[in-house]
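Any value given below was found using the heavy atoms of this structure, including those in side chains, with hydrogens, waters and symmetry copies removed. Just so it is clear: chains get the letters A, B, ... in the order the sequence lines come, proteins before strands, and each one is counted from 1. Please read all numbers here as calculations on a predicted model, not as lab measurements.
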Protein chains: 2
Amino acid sequence: MKSDPAFDLSHFLPYMLNQAAEAASLGFQQVYKQRYGMLRTEWRVLFHLGRHGEMTAKAICERARIHKTKISRAVKALEDRRFLIRHEQQSDRRVELLSLTRAGAAAYADLSAIARDYDQQLAAQFSETERAILRQCLQQLADLPARARE
Amino acid sequence: MKSDPAFDLSHFLPYMLNQAAEAASLGFQQVYKQRYGMLRTEWRVLFHLGRHGEMTAKAICERARIHKTKISRAVKALEDRRFLIRHEQQSDRRVELLSLTRAGAAAYADLSAIARDYDQQLAAQFSETERAILRQCLQQLADLPARARE
DNA sequence: CCCAGTTAGTTGCAAGCGCAACTAACTGGG
DNA sequence: CCCAGTTAGTTGCGCTTGCAACTAACTGGG
């Protein structure tokens, strides 16, 4: 019945990556979910605006590699909660520059501090060498298909 | 505006893991989607039955760490496509042993061979050492929260 | 100066998901 | 021997997602 006894899901890289990603995301996900009722995309948009200042939705799409409809809905949700405001551009009225409100900036400060601690805690189980290799491999995996698509 | 200039999403482990997992899964996802119209959970159920022979839905849940409702729907879908059949147990009529049909086994053989190739192709960009460390780190990340929850 | 093509962002819809509630079947202490 | 508790699996529901179609606004070649 086994066509290939050498192959096993538990050694299949996409599977391992998904399991690890899911497990590693869980703890922090609970924080922004319980504390601010946010979804992942909302946290990411909040993060980008907090980190990089004013941005358009388009720019966030490109940086974060998230589809524009997800961004659109996340922006709306964050706007409804008064975490960001839109600034229409008179030079091009299709474009909206987004920026965090005071409340949004406070949420960003809170969450990014927690994220940093959480990350350090996660990374603490590995040696310096392991961390370096892990990060480099992950970067490479994330980048490779994008390059292939271009 | 930046509360912590040292923190960046692109170095945040859960984020990197998710990006890498998404990118790495894409190529193979297209195969089982286009070739068999399967969802990820369906492929995983197919895989488990192909690899381990007869199993109950419960056993697949535990091994694959997938919620029972997802498994239930995946089993139904695979059954509808005649890829598996259910065997009621007379000793305990709540339990259903699942096993692949000939068509299911053929799909498993096809997909697992592709998965093996795909995995090798993905791994080929790394050195032996990198592969070993990457796999070990991912395993550890995937296992850690489960242990913490027990 | 205008219309075909492009771009920024939104929306409708169908599909997948998580959760909680449910059914059906089994188990064991009193 | 029975009913309270547990287990295997399913279903209904509301929410998130992805896709394609849409609106509104801009651009540039003829």
### Query
Is the closest basic N to carboxylate O distance between R65(A) and E22(B) below 4.0 Å?
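No, R65(A) and E22(B) are not salt-bridged.
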Q. Under 4.0 Å between a Lys/Arg side-chain N and an Asp/Glu carboxylate O for E88(A) and R93(A)?
A.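 Judged by the 4.0 Å cut-off on N to carboxylate O distance, E88(A) and R93(A) do not form a salt bridge.
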Pairing partner of [N] (Watson-Crick or G-U wobble, both distances under 3.5 Å):
| N | answer |
| --- | --- |
| dG30(D) | dC1(C) |
| dT17(D) | dA14(C) |
| dT7(C) | dA24(D) |

From the set [options], return the single nucleotide nearest to any side-chain atom of [X].
| X | options | answer |
| --- | --- | --- |
| R94(B) | dA25(D), dG9(D), dT7(D) | dT7(D) |
| K68(B) | dA8(C), dT6(D), dG9(D) | dG9(D) |
| L39(A) | dG18(D), dT16(D), dT11(C) | dT16(D) |

Enter the distance from L46(B):CG to Y32(B):OH here, rounded to the nearest 0.5 Å.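 One gets 11.5 Å once the value is rounded to the nearest 0.5 Å.
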Taking only side-chain N and O atoms of [X], does any of them lie within less than 4.0 angstrom of OP1 or OP2 on [N]?
| X | N | value |
| --- | --- | --- |
| K58(B) | dA8(D) | yes |
| K76(B) | dG9(D) | no |
| R73(B) | dG12(D) | no |

For V95(A) and K33(A), take the nucleotide of DNA chain C holding the closest heavy atom to each; which residue's nucleotide lies nearer the 5' end?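 Per heavy-atom nearest nucleotide, the more 5' residue is V95(A).
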When you match T69(B) and T69(A) each to their closest nucleotide on DNA chain C, which lands nearer the 5' end?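 The residue whose closest nucleotide sits nearer the 5' end is T69(A).
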Q. Where do E96(B) and Q89(B) land on the side chain to side chain donor-acceptor pair (under 3.5 Å) test, with the steps shown first?
A. CA-CA 6 Å; E96(B) 294 170 331; Q89(B) 294 294 91; over 6 Å; no
* Asked: Do the side chain of R93(B) and the base of dG9(D) come within less than 3.5 angstrom through a donor-acceptor pair of N or O atoms?
  ->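 Answer no: no donor N or O sits under 3.5 Å from an acceptor.
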(message) Output the rounded distance in Å from CD (E22(B)) to C1' (dG18(D)).
(response)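 In whole Å, dG18(D) C1' and E22(B) CD are 12 Å from each other.
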